[in-house]
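Below is one structure, written out as structure tokens; the observations come after it.
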Amino acid sequence: MITFVLTYKTDSKKTRDAFLSELEALDMVAVCEAEQGCKKYRYYLPCDDESALLLIESWEEEADQKRHATQPHFKVLQDIKEKYNVVTLCDTFMS
């Protein structure tokens, strides 16, 4: 299994909330969790940074996540991130 812990950094709580609202409107969690090999795809609000959003996603195989990155909704996510000038930090864990 491969797990990614992503931190999406925005310039303010207002921007973070608008970014998250767009993801929720697209039902991004359900769409991604329906993909082959997805074990978990969840957003979290960190208690120590109101301008950040955390994403924890786990995949059975690295190939599953690579397939995820070719899906149309992944492109939509990239466009939304660009709209809000989101900076992405990523940690990867293999088990």
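In what follows, residues are counted from 1 in the order of the sequence shown.
- Side-chain heavy atoms closer than 4.5 Å link hydrophobic residues (I, L, V, M, F, W, Y) into clusters, and following such links, possibly through other members, connects Leu55 to Phe4.
- Here Asp79 does not pair with Lys83 in a salt bridge; the nearest charged N to carboxylate O distance is not below 4.0 Å.
- Taking each heavy atom of Cys32 and Cys38 in turn, the nearest pair found is O-CB, 3.4 Å.
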Could you go through Leu77 and Met28, starting from their C-alpha distance and side-chain angles, then the distance that decides it, and tell me whether this counts as side-chain contact (heavy atoms from CB on, under 4.5 Å)? CA-CA 9 Å; Leu77 171 62; Met28 194 64 75; 4.1 Å; yes
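- Under the 30°/60° scheme for interplanar angles, the aromatic rings of Phe19 and Tyr8 are found to stand perpendicular.
- Between His68 and His73 there is a side-chain heavy-atom pair separated by less than 4.5 Å.
- Ion pairing between a basic and an acidic side chain is recognised when a charged N comes within 4.0 Å of a carboxylate O; Arg67 and Asp64 show such pairing.
- When the side-chain contact (heavy atoms from CB on, under 4.5 Å) test is applied to Lys40, the partners found at least two apart in sequence or on another chain are Arg42, Tyr44, Ile56, Ser58.
- Asp49 has no carboxylate O lying under 4.0 Å from a charged side-chain N of Arg16, or vice versa, which leaves the two without a salt bridge.
- The distance from the CG atom of Asp17 to the OG1 atom of Thr10 is 8.0 Å, given to the nearest 0.5 Å.
- Heavy atoms only, all atoms of each residue included: Val31 and Leu26 are closest at CG2-O, 3.8 Å.
- Looking at Glu60 and Lys39, a side-chain N of the basic residue comes within less than 4.0 Å of a carboxylate O on the acidic one, giving a salt bridge.
- Transitive grouping of hydrophobic side chains (ILVMFWY, heavy atoms separated by less than 4.5 Å) keeps Phe74 and Leu6 in distinct clusters.
- Hydrophobic cluster membership differs between Leu54 and Leu20, with clusters built from Ile, Leu, Val, Met, Phe, Trp and Tyr side chains linked at under 4.5 angstrom.
- Counting heavy atoms from C-beta outward, Leu53 and Leu23 have side chains that approach closer than 4.5 Å.
- Relative ring orientation between Trp59 and Tyr41 is described as perpendicular, the plane-to-plane angle rising above 60° on a 0-90° scale split at 30° and 60°.
- Taking CD from Glu57 and CD from Glu33, the interatomic distance works out to 10.5 Å, rounded to the nearest 0.5 Å.
- Side-chain heavy atoms closer than 4.5 Å link hydrophobic residues (I, L, V, M, F, W, Y) into clusters, and following such links, even through other members, never connects Val29 to Val5.
- Counting only N and O atoms by type, the side chains of Tyr84 and Glu22 include a donor and acceptor under 3.5 Å apart.
- Atom CG in Leu45 sits 11.5 Å away from atom OG in Ser51 (nearest 0.5 Å).
- Within a 6.0 Å radius of CD in Gln71, other residues, nucleotides and ligands contribute more than 12 heavy atoms.
- Expressed to the nearest 0.5 Å, how far OG1 of Thr92 lies from CD of Glu62 amounts to 8.5 Å.
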